[in-house]
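Just below is one structure, and these are the notes that go with it.
In this text, all values refer to a predicted model and were calculated from it rather than measured experimentally. Hydrogens, waters and symmetry mates play no part in the numbers below; they use all other heavy atoms, side chains included. For ligands, and for the atoms within them, numbers begin at 1 and follow the listed sequence.
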Amino acid sequence: MTELHIVGQPLPRPDALDKTMGRTKYVNDLFLPRMAFAGIYYSPYAHAKIEWLDKKKAQSVPGVITILTAQDIPGKNFIPLIKDDWIFLAKDKVVYAGEPVAVIVAENTDAVYRARDLLEASYEELPAVFDPEESLKPGAPQINPLGNLLSYHKIRSGDIEKGFAEADVIVEGVYETGYQEHAYLETQGFLAEFCGDEGIRILGSMQCPFYVQNAVSSILGIPQNKVQVIQSPTGGAFGGKEDFPSLFGGLSALAAYKTGRPVKLVLDRRDDIILSSKRHPSKSYYRTGAKKDGSLTACEIRVYLDPGAYATLTPSVLWRCAVHCYGPYRIPHLKVDAYAGATNKAPCGAFRGFGTPQIIFAMERQMDKLASALGMDPFALREKNCWRTGDTTGTGQVLPWSVGLFETIARAQEMSGWKEKRPQYPLTVGTKKTGIGCSTFLYGVGLGAAGRKIDKAEAYVQVKPDGSVFFAVGTTDMGQGMQTVLTQIVAEGLGGIPATKVQMLPVDTTRVEDSGPTVASRATFISGNALLDACSKIVRKMKNAASELLLCPASSLKLDKGFFVINHDSLRTKEDITREMPFEKAAEECFQRHISLCEHGFFDSPPSSWDPETGQGKAYVTYSYATQIAEVEVDMETGEVEVKHVWAAHDVGKAINPQQTSAQIEGGVIQGLGYALMEALVVDSRGRIQNPSFATYIIPTTMDIPEIETAIIESPYPEGPYGAKGFGETPLMGMAGCIANAVAQATGLDITRIPILPESLLES
Ligand code: MOS
C-alpha cells in the first residue's frame, strides 16, 4: 500500500468553526419572503375513531391561512418505506397519541398554536394495546391493517435440544429495556417552497434526503424530478432523522403546495418528543448453555420489540436485532425468534445501534451469569468463544478478514487493569461499592442482506482549474463527521493534496443519484468508495495531461503529496529528478486543453444474502467489533450509580481521522451511559408520554461524564476505503451491557432491566 498523507491525520472538522461561532444556518435560521409557519395537530388518544373535526373556530384565529387534513392530500396518503402502512394524516381512525391529524398554516407561530388549541374534534376511544407480547395474543385489539405482527425473523442453526443436552451449565434470563429518545440538539424541521412548474424545493434537517424526496413525491402526486430536497446543516440525528423527516418533510411540502407560499415547519421540543420515533423498548428471553471449559453449546433467544403502531423501519431494526442477539460468539446450536407486535404508541424507529443495544445488554448479562456459574473470569469466557478471522457466524457466514475482536478485548483489559481489579472487586467504602464489568460485541456494517436493494452510492468530484476541488455525495453529515472523513478521503484519493483544498457541497437530491439512507454506519464505506472511484478517473486524466508536458509515459508518473513526479524506477538522467508538476498546474493544463475533470463515481455494496426460512446467509458485508469496560460506584443507601471510568476499544478497520474516531467513541459512550442509567420515558396507562421535556426526561450532562479512555484497533477491511469500516453506532451499543455487569458485580444483584434507576435498584 502506498504511503498515506491525509488519511490517518487528526485534521480539524471543516464545519467546526462556523458551528462554534454560531454562523451555521440551521433550518430555523432561514427566512424567505412571504414565508408562512406550520404546526401539527395530533391525536390525544392512543386508539380512537375520529367522529368529527370542526375547523371553524380554529380557522377564525387572525393570521390562520389554512388547516389541512387527509382530504387535502392530492397524492397518496402514505409514506413510502418498507411496508407502506404508515400514513401522513389520520382520516377515520387514530392509532397512537401523537398521530398527526391536521396541519395548521398561519402567518406566525402564535397563530398556529392558538388555532391548534381551538381545533374541535370528537373521538370515540377504542380498546388499546401497549405491550408487544400482548398484542400478538388472540383477541388483542387489531391496530394495523397488516395485522399486529408487523415483523418476524428467525435463525435456526444446529440442533438446539442437542446443544442444551451437551451443556454442563445452563443460565436463563428475562431482560427488559425501555425507550430512548434521540435528544438531538436541533429538533425536526423543514422549509418547503412551492416553485410553480418546477415543483417543490425543500430544505431540512435530515439523514435521508432521498427518503424525503420519495415521500414528497407520494403526498403531492408529482414526479421525483419536481422534488428537490436539500439537507440543511443538521444538529444531530442519531437515527431519529431517518424516518420521521419523511412525515414532516411531506407535510411541509403539502402546506407549501396548497398555499403557494414558503412554509416552515419546525417542531418545538415537546412536539418533537411526542411525535417522533424512539428506540424500541424490548423484552427478551434468553437461555444459554456451556460446557465446563466455557465453550458455548447452545443459545435460545426469543425477543419482542415494541414497534408502535406502524411498521416504519421495524422490519429492518428487528432483523438487525435477530442477527446480533447472540453476540460475536461461536455457538454451534442456535435458535432465535424475533417478533414485533404492534402497539398503540408512536412508531419506534432507527436509533444508533438499530435494535442491538437492547440485546447486547441481554446477551452480555447472560455471558456474565454464565461466567460466574462456571467460576470463570468474564473475559476468559468471552475469549474462549469470540470470533476470530476464519470463523463462521451463527448464520453460516465465514469471516475471511478484519475480525479485530480479540485485540479489542486485549487492549481494553490492559488499559483498565482488569486482571488486577476484577478479582479484588467489589470494593466497599462506607455505603459505596465499586464494581467493574465488560461487554464485547459486533456491528454489521451497512444495510446488509435486508437492504441489499438500496445499498449503493453515487458520488461526484470536480477539480477546478486552480486545483481546488468540489465533491458531492448522497449521504449526509448530521454531526457525526462524515464531511471531515470524506474530505480526507478525496484529498488522499487525489494524491494527497491538502484537505483544505477540498470542499463538500450541500447534499441535494439533484446532484447525485439516490445513494440510499445515511444509516447503518455506512457513509464512510459506501460514499468513500464511490468518491475513490471518481477520484481515480480524474487522476488518470490528469496523469495523461501531465505526462505530455513532462515528456514521459503516463505509466511512469505517480501522484504524490500534490505533485505528479516521475517514478524513481524510470529515471534515466539526473535532470529527471527535477521533473515534477504540481497538481494545480496539471488541473490548469487540463482546463486549457478542454479535458473535463468532473467525474461521477459509483459503488455497489458487495454481495450479501439471507434465507428467511432458516436465518442463514451472509448477513452483512463485514462487521465492526468492540470491547467496553465500565467501573462504577453504587451508593447502596441511595441506589445511585456513578460511572467512574470507561475504557472502550474499537476495531474500526482504519481510522480515517483518529481524533474524530476517539471523539465519536466518547460521544457514544455518554449516550449509552444515559440509556443504561437515566433515560426513562414515561408513558401512562392510556399511551400518553408524560415527560416530553428535558426537565423531566433526564439525559447525561457534563457532571455525569466519567473518565473515558479509548483505543483504536485497525484490522483492515479490504473492501473499505483505505481499510475503513463503519463503526459510528458501536460506541453506544455496549454501554448498557458493561454498566449492568459492573453494577451486578458491585451489588451482587442480577440486573435485568434498564435504565437502572436508583429506585429500581433499591427495590431489587
Ligand atoms: Mo441509523 S440507527 O442506522 O439511522
Side-chain angles (χ1 to χ4, degrees), residues 79 81-82 177 179-184 186 188 204-212 231 234-249 276-282 305 307-308 312-324 347-360 441-452 454-455 457 474-482 507 515-527 605 608 619-624 664 667-668 671-672 674-675 725-736:
I79 301 165
L81 212 60
I82 298 169
T177 65
Y179 276 115
Q180 189 179 19
E181 155 62 30
H182 302 89
Y184 28 63
E186 184 202 21
Q188 306 257 357
S205 180
M206 72 191 108
Q207 289 176 232
C208 310
F210 297 98
Y211 281 5
V212 175
Q231 185 212 14
T234 297
F238 310 110
K241 291 173 184 168
E242 172 170 356
D243 43 11
F244 269 73
S246 296
L247 174 68
F248 305 128
S276 71
S277 65
K278 284 148 261 296
R279 187 186 302 292
H280 294 69
S282 77
L305 291 188
T312 64
L313 292 164
T314 290
S316 293
V317 175
L318 188 72
W319 182 70
R320 184 177 282 278
C321 171
V323 172
H324 289 70
C348 284
F351 194 149
R352 199 173 189 181
F354 210 73
T356 69
Q358 295 96 324
I359 45 73
I360 289 169
F441 52 99
L442 77 161
Y443 185 81
V445 177
L447 301 175
R452 176 77 192 94
I454 53 169
D455 213 359
T475 51
T476 54
D477 197 326
M478 59 200 87
Q480 85 278 35
M482 182 198 77
V507 179
S515 299
T518 307
V519 300
S521 304
R522 71 190 279 274
T524 300
F525 168 54
I526 202 114
S527 288
S605 184
S608 50
Y620 290 95
V621 296
T622 198
Y623 300 85
S624 288
Q664 172 82 294
Q671 211 169 21
Y675 181 52
K725 50 188 182 185
F727 75 98
E729 289 163 87
T730 51
L732 182 154
M733 287 164 33
M735 286 306 296

Under 6.0 Å between the ring centres of F354 and H280? no
Do ligand 1 and E242 have nitrogen or oxygen atoms that lie under 3.5 Å from each other? yes
For E729, state whether at least one heavy atom is located under 4.0 Å from any atom of ligand 1. yes
Quick check for you: to the nearest 0.5 Å, what is the distance between K278 atom NZ and H182 atom NE2? 8.5 Å
Salt-bridged, E186 to K241, with N to O below 4.0 Å? yes
Could you list which atoms of ligand 1 come closer than 4.0 Å to a heavy atom of A520? 1 (Mo), 3 (O)
Could you tell me if the side chain of Q180 sits less than 4.5 Å from the side chain of Q671, heavy atoms only? yes
Atoms of ligand 1 less than 4.0 Å from F354 heavy atoms? 2 (S), 3 (O)
Taking the six-membered ring of Y675 as reference, does the NZ or CZ atom of R279 fall below 6.0 Å from its centre and within a 45° cone about the axis? yes
Which atoms of ligand 1 are found less than 4.0 Å from any heavy atom of F351? 2 (S)
Applying a heavy-atom cut-off of 4.0 Å, say which part of R352 lies close to ligand 1: side chain, backbone, both or neither. backbone
NE2 of H324 to CD of Q358, rounded to nearest 0.5 Å, is 12.0 Å
Against heavy atoms of A350, which atoms of ligand 1 measure under 4.0 Å? 2 (S), 4 (O)
